[in-house]
There are 2 protein chains.
Amino acid sequence: MRPTKRDELVDKALKAFYANGFHATGMDRLVEETGISKTSMYKHFQSKEALILAVLQRRDAQFRDWLFGRMERLGKTPRGQMLAMFDALEEWFEEPGFRGCLFIKAASEFQEPGHPIHAQAATHKALIYDHLRSLAAQGGADNPALLARQLLVLKEGAIVAAQVEGCRAAAAQAKDAAKTLLDNALAH
Amino acid sequence: MRPTKRDELVDKALKAFYANGFHATGMDRLVEETGISKTSMYKHFQSKEALILAVLQRRDAQFRDWLFGRMERLGKTPRGQMLAMFDALEEWFEEPGFRGCLFIKAASEFQEPGHPIHAQAATHKALIYDHLRSLAAQGGADNPALLARQLLVLKEGAIVAAQVEGCRAAAAQAKDAAKTLLDNALAH
DNA sequence: GACAGGGTGTACCGATCTGTACATATAGGC
DNA sequence: GCCTATATGTACAGATCGGTACACCCTGTC
């Protein structure tokens, strides 16, 4: 087992899928962009779908590590961390290669709710929700589940606005809305 | 000119694209599902992309008519109309064939911001924003542009939550958040 | 150097992709 | 009924899709 080559494949495939979409990125094109032969790909993954699932797993870990890390760094209190999520989003939106959320794309291209790829996208969102709910509970929200859901809705909405309309201010606008919601929901 | 056949094609193509995605729906499959021959399609539209653009135009008109109509019907005041948007969303989410927003899908599958399809998706969102800003101004919001953006973010976020996670409660949760925002932003 | 074994690249498979050439059906003017 | 013109359906073209068969190379052991 040499994880390096496999990891390299997953990393480069992630970039290609993120930039061009899943259906639009053929295995042949992946060969060109990664420099890895198709045989090697199919040694590591039995199908394109298996590769996509691995890509989503990688992205899930990568994104949550990054997001939760930024939140922890930029915010001290639970309330501060929840607000910091939107500062982190703004940083993300400003990155040159920003193209929206890979999981929204995945769920859009593989629509059947029972499809493994769709299910994995849902799982990613659920994990972020769990984190937010935990923070909301720590912050003393009256209804942590509701607050977490609302913050998640603001997050997804901001991502869509940034991706579809190129509206990077969406992060700050969502943060402003979040502030109002937090003031309303947190005992302090 | 007989608009009927062309309209029938656009309608059925809309359903097919909505259910299965743009890249995943080939022209041959469109022939099967619409019962219209490929030659006829290419007589009416010079390419698949042109057909997709027509589909998006149809959907834009259809969706805005429906949404703004429901808002007007369910809400009397500007504030009531803005809140009613989320009731309308909930109705939409409950429909059996609900699969999320066609324009988010379109922007996801055609990612280059300069691409005509992506641009058309952005236009659709901008038109909804305009309507919301107008309502926010009528309602006497301190900052109508900001409030409209925030409501739009809530709307997109709720759609994503409903589509990806199958969370239909997202509409009600977003409405609850919108209520808080409106209380905060409207003079009354 | 002989050998074994796993990772690699080339060439190819049938199916499907978008788009087209051509033959056919259909409707209206006289 | 006949001619013209437009709309339609069939069959196909070239490219690309996901996936595979097979020959190759490269490394470690003796």
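Every chain is numbered from 1, with letters handed out A, B, ... down the list of sequences.
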Once you round it to whole Å, what is the distance between [atom2] of [N] and [atom1] of [X]?
| X | N | atom1 | atom2 | result |
| --- | --- | --- | --- | --- |
| B:M27 | D:dT16 | CE | P | 18 Å |
| A:D28 | D:dA15 | CG | P | 14 Å |
| A:I52 | D:dG18 | CD1 | C1' | 11 Å |
| A:F22 | D:dC17 | CZ | C1' | 17 Å |
| A:R29 | D:dG18 | CZ | P | 11 Å |

Under 3.5 Å, N/O pairs linking protein and nucleotides 4-6 of chain C:
none

Quiz item: What parts of residues 33-41 of chain A reach DNA chain C, counting only heavy atoms under 4.0 Å away?
Solution: A:S37, A:T39, A:S40
Self-check item: B:R149 to B:Y129, cation-pi by 6.0 Å centre distance and 45° axis angle
Solution: yes
Quiz item: With ring centroids as reference points, do A:W92 and A:F63 lie under 6.0 angstrom apart?
Solution: yes
Quiz item: Does A:Y42 place a side-chain N or O at less than 4.0 Å from the phosphate oxygens OP1/OP2 of D:dT20?
Solution: no
Exercise. Can you label the angle between the B:F22 ring and the B:F110 ring as parallel, tilted or perpendicular, going by 30° and 60°?
Key: perpendicular
Quiz prompt | Contact list for residues 17-27 of chain A, test side-chain hydrogen bond (donor to acceptor under 3.5 Å, both in side chains), sequence neighbours left out | solution = A:H23-A:E109
Quiz prompt | Which nucleotide in D:dG18, C:dT18, D:dT8 has an atom nearest any side-chain atom of A:K48 | solution = D:dG18
